[in-house]
Amino acid sequence: MKETLEKIKAAAESALNAAADESEIENLRVKYLGKKGELTAVLKQMGSLSPEERPAMGQLVNEAKQKLETLIADKKSRLKSKATELKLKAETIDITMPAKEIKTGGLHPLNHVVNDMIDIFQSMGFDVVDGPEVETDYYNFECLNVPADHPARDMQDTFYLAENLLLRTQTSAAQIRTMENRKPPIRVICPGRVFRADEVDATHSPVFHQLEGLVVDKGITMCDLKGVLEQFAHEIYGSDTKVRFRPSFFPFTEPSVEVDVSCSECGGKGCRVCKGAGWIEILGAGMVHPNVLRCCGIDPDVYSGFAFGIGIDRITTTRYKISDIRLLFENDKRFLEQF
Ligand code: PHE
């Protein structure tokens with residue numbers, strides 16, 4: 001009996017050592033310690049022993065049982081920690097791997113510039129107003145002192161959508177809408193997209209952007225216009241920038257001027273950016289024509305005003321030294337990511 005016990009113990013031990021998973025261990029437990037197990041069978045044979053032999057043998061069987069139980073528990077816990085170890089290994093995050101790039105968008109250079117322009121004029125007390133891109137002939141030309149058949153219409157090659165409907169050629173249309181809706185004092189800017197049937201080249205695009213300004217009040221003079229535009233130029237290009245008024249013609253202003261700023265690239269000496277002139281034209285302006293005020297129900301004997309229209313694209317290309325206006329509209333990410 002003792003021998004049988006030793007054999008069972010040895011076989012169980014080696015089987016347990018070889019067991020590779022929990023179900024194998026469980027099978028072994030049942031095989032040796034279960035109700036019909038081999039060790040249990042030995043215990044059942046105890047009855048056939050003499051009373052003198054029984055205690056010693058009983059102790060041996062119990063020891064063997066305990067031994068097997070601890071072996072099983074050990075093996076189980078070893079398997080468990082091995083499994084945990086493997087799981088952890090499989091789930092390790094390789095922190096040296098490059099992370100997935102999070103792509104964020106950015107403002108278009110034109111929007112950077114418009115936002116800055118709005119900030120500058122708002123700090124001088126201007127309100128921002130909006131106007132439709134599809135305009136009537138009346139707002140875009142007629143009430144701006146450009147009647148039908150007036151030769152000044154040739155200055156702005158127009159996309160007509162219908163007899164009296166067109167894509168606005170200038171933000172000046174917003175002046176009229178504002179003066180119809182507000183009483184002086186008026187101080188507004190209107191930034192927006194405008195359209196002209198121009199051929200595309202490095203400096204022309206059929207879609208471009210203007211920022212219109214309008215001030216109407218009692219006693220407004222050209223000095224006010226110059227002061228506002230100088231302040232604007234200093235903030236955009238730097239405080240040593242010079243501003244120059246050249247006489248010009250617009251049907252809706254009298255007198256009218258083209259406004260140049262000293263070239264920020266060469267400081268006025270002449271370079272590639274200003275094409276040797278030392279000056280860059282950035283806007284048209286003038287004192288609001290009495291006919292325009294009258295058309296909007298404002299008495300030109302009581303009120304006067306000035307207006308200006310700034311080319312936003314030109315401000316953008318000079319500010320960022322962009323050599324071709326087409327780059328602003330091609331949506332090439334390699335270009336746009338630089339701003
Ligand atoms: N609307 C003019 C243009 O597009 C610019 C301008 C605006 C001139 C306001 C005078 C006053 O050329």
Is a side-chain donor or acceptor of [X] paired with a backbone partner of [Y] at a separation under 3.5 angstrom?
X      : Y      : answer
Thr241 : Ser262 : no
Ser239 : Glu235 : no
Ser304 : Pro300 : no
Lys75  : Ala19  : yes
His204 : Ile325 : no
Ser256 : Phe249 : no
Asp21  : Glu24  : yes
Thr92  : Leu88  : yes
Asp224 : Thr221 : yes
Lys218 : Val302 : no

Least distance between heavy atoms, [X] atom then [Y] atom:
X      : Y      : answer
Ile220 : Gly305 : CG2-CA, 3.9 Å
Thr253 : Ala285 : OG1-O, 3.9 Å
Pro147 : Arg153 : O-NE, 3.4 Å
Cys271 : Cys274 : N-SG, 3.2 Å

From Gln210 atom CD to Ile189 atom CD1, the distance as rounded to the nearest 0.5 Å:
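Rounded to the nearest 0.5 Å, the CD-CD1 separation comes out at 13.5 Å.
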Please round to the nearest 0.5 Å and tell me the distance separating atom CG of Leu214 and atom CE of Met179.
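Those atoms lie 5.0 Å apart.
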With heavy-atom distances below 4.5 Å as the criterion, would you say the side chains of [X] and [Y] are in contact?
X      : Y      : result
Arg196 : Phe208 : yes
Tyr303 : Pro290 : no
Val288 : Val215 : no
Leu144 : Ile176 : yes
Val113 : Thr316 : yes
Val200 : Ser205 : no
Glu13  : Leu71  : yes
Val207 : Leu167 : no

Decide, yes or no, whether a salt bridge links [X] with [Y] under the criterion of side-chain N to carboxylate O below 4.0 Å.
X      : Y      : result
Lys242 : Glu230 : no
Glu63  : Lys9   : no
Glu265 : Arg272 : no

Donor-acceptor side-chain pairing of [X] and [Y] below 3.5 angstrom:
X      : Y      : value
Gln156 : Gln170 : yes
Thr318 : Tyr237 : yes
Glu69  : Tyr32  : no

Kindly confirm or rule out an SG-SG distance below 2.5 Å between Cys295 and Cys143.
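Bridged: Cys295 to Cys143.
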Could you tell me if the ring centre of Phe308 sits under 6.0 Å from that of Phe121?
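Yes, they do, as the ring centres are separated by less than 6.0 Å.
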Can you list the steps and then say if Val228 with Met124 is a side chain to side chain contact (heavy atoms under 4.5 Å, CB included)?
CA-CA 8 Å; Val228 165; Met124 288 192 259; 4.2 Å; yes
Can you list everything that forms a salt bridge (charged side-chain N to carboxylate O under 4.0 Å, His left out) with Arg319? Sequence neighbours excluded, please.
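Asp116.
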Please name all residues satisfying salt bridge (charged side-chain N to carboxylate O under 4.0 Å, His left out) with Glu133, sequence neighbours left out, ordered by chain then number.
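Expected list: Arg193.
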Please determine which of Arg182, Arg187, Gln122 meets the side-chain hydrogen bond (donor to acceptor under 3.5 Å, both in side chains) test together with Asp127.
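Checked Arg182, Arg187, Gln122 against Asp127; only one passes side-chain hydrogen bond (donor to acceptor under 3.5 Å, both in side chains): Arg182.
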Might you work through the side-chain hydrogen bond (donor to acceptor under 3.5 Å, both in side chains) test for Glu26 and Ser23, ending with a clear yes or no?
CA-CA 5 Å; Glu26 181 55 20; Ser23 70; over 6 Å; no
With respect to Leu165, which candidate in Thr136, Asp137, Asn140 satisfies the side chain to side chain contact (heavy atoms under 4.5 Å, CB included) definition?
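Going through Thr136, Asp137, Asn140 one by one, the side chain to side chain contact (heavy atoms under 4.5 Å, CB included) with Leu165 is satisfied by Thr136 alone.
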Side chain to side chain contact (heavy atoms under 4.5 Å, CB included) between Leu49 and Met46, worked out
CA-CA 5 Å; Leu49 294 177; Met46 296 283 287; 4.0 Å; yes
May I have the step-by-step check of side-chain hydrogen bond (donor to acceptor under 3.5 Å, both in side chains) for Gln175 and Glu212, ending in yes or no?
CA-CA 8 Å; Gln175 286 186 31; Glu212 192 81 9; 2.7 Å; yes
With hydrophobic residues grouped by side-chain heavy-atom distances under 4.5 Å, do Trp279 and Val261 end up in a single group?
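In one cluster: no.
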Quick one: do Leu16 and Ile25 satisfy side chain to side chain contact (heavy atoms under 4.5 Å, CB included)? Show the steps, please.
CA-CA 7 Å; Leu16 265 176; Ile25 298 174; 4.1 Å; yes
Could you check whether the rings of Phe335 and Phe339 sit parallel, tilted or perpendicular, using 30° and 60° as the cut-offs?
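Rings of Phe335 and Phe339: perpendicular, over 60°.
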